[in-house]
Structures are given as structure tokens and as C-alpha cells.
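Take a look at the structure set out below.
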Amino acid sequence: MLRTPHGSISTPAFIPVGTKATVKAVLPETMREIGAQALLANAYHLYLQPGSDIVDEAGGLGRFMNWPGPTFTDSGGFQVMSLGVGFKKVLAMEAVGVQSDDVIAEGKQRLAVVDDDGVTFRSHLDGSSHRFTPEVSMGIQHRLGADIMFAFDELTTLFNTRGYQEKSLQRTHEWAQRCIDEHERLTAERTHRPYQALFAVIQGAQYEDLRRKACRELEALRGSAGTGFDGYGIGGALEKHNLGTIVGWCCDELPEDKPRHLLGISEPEDFFVAVENGADTFDCVNPSRVARNAAIYVAEGRFNINTSRFRRDFTPIDDSCDCYTCAHYTRAYIHHLFKAKEMLAATLCTIHNERFTIRLVDNIRASIDGGYYDDFKSDTLGRWQGRIATP
């Protein structure tokens, strides 16, 4: 159980992403109805628009977006990698044997430059120049007022060399110390706001020694007033087949009485692997992102509802689903909405995909409590890995 000033989170739990203080196309009230225990927003995006000062003036992130439950904010470290090298917004990637410290995605322009003090970047909105340091990130996140926030880190790619990974890990460690120090200062200064938990972010790519070293060193860090981290985020690009191994390395080293949040996963098989290796909470934009492109999750896999075979399919997306969409609308209607380019299409599909994902992790938790985890896993993945072609 993860306790915050705005409520408790039963773990394991999936935390839907509302990057700009909204889960795209869906009301916060609806997210509560479909079972979301908390929402995660992004400090980088809210800093640029509307500005963290406005969110602070509104009373904090939850009040600003009319969300009564717990909130998380990501530090912006992920955007450093994304702006810097232009890769898609995914945690898992394949290095395919290539290593370079000057890697950049084809057709992309480098919008962020990292140095030992922080990151200088250009806004993706208007090209204006900005600079993030650990202190700036802490200031932004304190003003945003989330219950849980993350230390500012440098996210590398699997394409970076071992030498750069080592250098980056040291930089992230130094930034973590600066984050703790600034967090202590701002907590003492902002006594009119509830306490915000600070999670460290563990990097180290695919290297066991670097991951374990990062965990040990971050766990030992303290501020001048003796403050340590309240929890840990397991981050960084990694190869999907190594997910469980890397999470296991980290959780071996981390204290059992502090939560571990795995950044950026949402596929069913990943949840099982992560839970078995010690992760407590997870976040990812995928359920809502793919929904806006007509991709639907069901127990047997994923399919696109905008294809012609659904024009006259007057059944729900999923007979076994308890979401609002499945209770009230048919595949044929949602197919029509996509073809007509109606905004309601994104709303209805996002409700379903987020509910599917939240319910899956809720059921994992129930199966652990009920002592039938192995059977539930076998049944769920046996169906999911069929990856249906025709539902």
C-alpha cells in the first residue's frame, strides 16, 4: 500500500498518463470511474504550457485538473532523451549491435544538449530556448504539487557506449544529490502544501554492475537534513527480453519497505514479468495513444477497429469488459466514428483501453492476494499471446 496525502494506492497498480494534466480525450471523472488510482503528468510539458506557476496558483495539479486522487509527475528526464536523439517515446528498444554517442534518429534535429550542470533545450512548441537543472526541475515539480515526483536524471539510449553510460550514471548520481538538497529546501519553504515524496531514478542501461551500483548509491544518498529518497523509479532504455532481469537486479539492491515504480510499460506480458521481479507501480501512454489510432485491447490481443470487417459488427468491443464503452456502444458505431473522423472515437476507445489495462493489473493483485497467481498468469498470457487477427 502506497500512502499519499490524496489517498492510498494498492499495489501493484497501473498509473495512467495524463501528460498535460489530462488523459487525452477522457474526463478525469471518467478515469476515476474506470478504476484509476492515480494519474501521472509531465513536468516538461506543464512547464512549457500553461506554466508551473499557474498550476501552483490553482492549488496544485490535482485541483487544477479536478482529480481528487494521488498524482505523479515525471521530472522531464525522458524528454531530454527524446528531444536529444529523436527516438519514439518507448522504453524498450533494440540496439542491434550499433553503439555511438552521437546517435540521432533519422530525419530528426537535436533539440537538447546535456552538460554536467543540466540540459539546454529548445521548446518543441515554439523553438524558444530553455534550461533544466536538478534545481529547476525540483522547483517546477514542487509548484506542480504532485504527491510523488521524480529526481531529474539523464536517460541514455542503448546505442550509447559503455563509457558514456558510466559517465551518465555519475552525472545522474550527482543530479540526484542536488535534487535531494533542493527538495529539502523547498519542503521547508512550502509548508502550506502537503509533503511531496521524491523518487530517485535508476539508470544503467543493460549493464548489471551499473544498475546495481546506481541502486546502492542512490539508496545511500542523504540531504543535509538527513532526507533520503522516498521510493525509486526504474528507468532507462532497455531491451524488452531483459526487462525482468534488469528489474530483478534493481529490486535485489533496493530496500523492501520503499516502493519501486517502473517507468514506461503497459503490455500484459511486461506487467507479469515486472511484478514477479519486484516492481510495484507502472505508467505508460500506450493505452491512450494507440486508442486514438483505432487500436483496441482485448483478452486475445490487439486489433484495429477501423478496418472494413467491423462496419456491420453490432457487438461490443469485448463482451467480457465492464467499461462504459462496451456497455453502451458497438464495434460498428466506433468504426463509423473513426471513418467520420469524429472526436468521440478517441474518447470511447481510450476509456476501453485504459479500463482493460487497469483491470488487468487489478486482477494480478487479486490473484496474488487469492493465491492463484500462476493460474491467472498462464490463462491470461495464453489468450493474449494469440494476438488475434479476426476477433
Side-chain angles (χ1 to χ4, degrees), residues 1-9 15 21 37-47 50-65 67-78 117-119 131-154 171-202 214-215 217-233 235 254-255 257-261 263 280-281 283:
M1 188 69 73
L2 177 54
R3 292 179 171 82
T4 81
H6 292 93
S8 297
I9 302 169
I15 314 300
Q37 298 188 70
L39 299 178
L40 182 146
N42 185 267
Y44 162 82
H45 287 284
L46 293 177
Y47 158 77
S52 57
D53 57 324
I54 291 176
V55 178
D56 191 18
E57 190 175 337
L61 177 62
R63 186 168 295 177
F64 184 57
M65 66 185 292
W67 170 257
T71 50
F72 291 58
T73 46
D74 187 355
S75 71
F78 190 95
D117 182 61
V119 184
R131 183 162 177 80
F132 269 19
T133 63
E135 292 78 12
V136 168
S137 178
M138 287 294 94
I140 291 167
Q141 292 190 80
H142 269 267
R143 288 189 293 275
L144 293 176
D147 296 290
I148 295 168
M149 55 187 176
F150 289 88
F152 192 58
D153 63 304
E154 182 187 7
R171 179 181 286 149
T172 290
H173 177 78
E174 292 169 0
W175 288 0
Q177 180 67 67
R178 291 165 60 185
C179 283
I180 285 186
D181 292 339
E182 185 67 0
H183 174 53
E184 282 189 343
R185 189 186 73 79
L186 290 170
T187 298
E189 183 180 280
R190 293 172 55 84
T191 54
H192 61 295
R193 297 293 195 210
Y195 178 74
Q196 296 171 256
L198 177 61
F199 283 24
V201 180
I202 298 158
C215 292
E217 292 182 348
L218 289 170
E219 198 279 326
L221 276 185
R222 296 292 183 273
S224 57
T227 301
F229 286 109
D230 300 292
Y232 301 89
L254 295 173
D257 61 345
K258 291 187 178 180
R260 303 89 172 253
H261 180 86
L263 293 141
D280 297 302
T281 53
D283 74 89

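Closest approach of Leu2 and Pro259 over heavy atoms only: CD1-CG, 3.7 Å. Closest heavy-atom contact between Pro5 and Asp147: CD-OD1, 3.2 Å. Across every non-hydrogen atom of Leu221 and Ala176, the tightest pair is CD1-CB, 3.7 Å. Closest heavy-atom contact between Asp181 and Gly223: OD1-CA, 3.5 Å. Between Leu61 and Ala146 the shortest heavy-atom distance is CD2-CB, 4.4 Å. Contact record, Gln37 with Ser8: OE1-O, 3.9 Å, taken as the closest heavy-atom pair.
Residues Asp74 and Met149 are not in side-chain contact: their nearest non-hydrogen atoms beyond the backbone lie 4.5 Å or more apart. By the 4.5 Å heavy-atom criterion applied to side chains, Ile180 and Leu198 are counted as neighbours. Taking 4.5 Å as the limit, some side-chain heavy atom of Asp283 sits within range of a side-chain heavy atom of Leu263. When side chains are defined from C-beta on, Tyr47 does not count as touching Ser137, because their heavy atoms never get closer than 4.5 Å. Inter-residue side-chain proximity for Ile202 and Leu218 is flagged as met; some heavy-atom pair is nearer than 4.5 Å. The shortest distance between side-chain heavy atoms of Leu39 and Met65 falls below 4.5 Å.
Annotation: ring pair (Phe, Tyr, Trp, His ring centres under 6.0 Å) contacts of Trp175 (sequence neighbours excluded): Phe152. Qualifying ring pair (Phe, Tyr, Trp, His ring centres under 6.0 Å) partners for Phe199, counting only residues two or more places apart in sequence or in other chains: Phe150. With sequence neighbours left out, the salt bridge (Lys or Arg N to Asp or Glu O under 4.0 Å) criterion links Arg63 to no other residue. Partners of Asp53 by salt bridge (Lys or Arg N to Asp or Glu O under 4.0 Å), not counting sequence neighbours: none found. Partners of Asp280 under the salt bridge (Lys or Arg N to Asp or Glu O under 4.0 Å) rule, at least two apart in sequence or in another chain, do not exist in this structure. With sequence neighbours excluded, the residues that form a side-chain contact (heavy atoms from CB on, under 4.5 Å) with Thr187 are His142, His183, Tyr195. Every side-chain contact (heavy atoms from CB on, under 4.5 Å) that Pro68 has, sequence neighbours left out, goes to Arg32. Scored by the side-chain contact (heavy atoms from CB on, under 4.5 Å) test, Arg222 finds Glu219 as partners (sequence neighbours excluded). Not counting sequence neighbours, the partners of Ala38 by the side-chain contact (heavy atoms from CB on, under 4.5 Å) test are Ile9, Ile15, Pro70, Phe72. By the side-chain hydrogen bond (donor to acceptor under 3.5 Å, both in side chains) test, Glu174 pairs with Gln170, sequence neighbours left out. In terms of the salt bridge (Lys or Arg N to Asp or Glu O under 4.0 Å) criterion, residue partners of Arg131 (sequence neighbours excluded) are, by chain and number, Asp115, Asp117. Shown here are the side-chain hydrogen bond (donor to acceptor under 3.5 Å, both in side chains) partners of Thr227, two or more places apart in sequence or in another chain: Glu184.
Atoms CG and SG, from Leu254 and Cys215 in turn, are 4.0 Å apart once rounded to the nearest 0.5 Å. The structure places CG of Leu46 at 12.5 Å from CG of Asp56, a figure rounded to the nearest 0.5 Å. The line from NE2 of His173 to CD of Glu154 is 15.0 Å long, rounded to the nearest 0.5 Å. In this structure, OG on Ser224 lies 11.5 Å from CZ on Arg185, to the nearest 0.5 angstrom. Remark: Ile140 CD1 to Glu135 CD distance equals 11.5 Å, nearest 0.5 Å.
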Requested in this report: Would you please test Val55 and Arg143 for side-chain contact (heavy atoms from CB on, under 4.5 Å) and show each step?
Outcome: CA-CA 7 Å; Val55 178; Arg143 288 189 293 275; over 6 Å; no
Query raised in the report: Passes side chain to side chain donor-acceptor pair (under 3.5 Å), Thr73 versus Gln141? Steps please.
Result: CA-CA 7 Å; Thr73 46; Gln141 292 190 80; 2.9 Å; yes
Requested in this report: Give the intermediate values and the outcome of side-chain contact (heavy atoms from CB on, under 4.5 Å) for residues His261 and Ile148.
Outcome: CA-CA 11 Å; His261 180 86; Ile148 295 168; over 6 Å; no
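A donor-acceptor contact shorter than 3.5 Å links the side chain of Lys258 to the backbone of Phe229.
Ionic pairing of Arg171 and Asp153 is not present here: no N-O contact between side-chain nitrogen and carboxylate oxygen is shorter than 4.0 angstrom.
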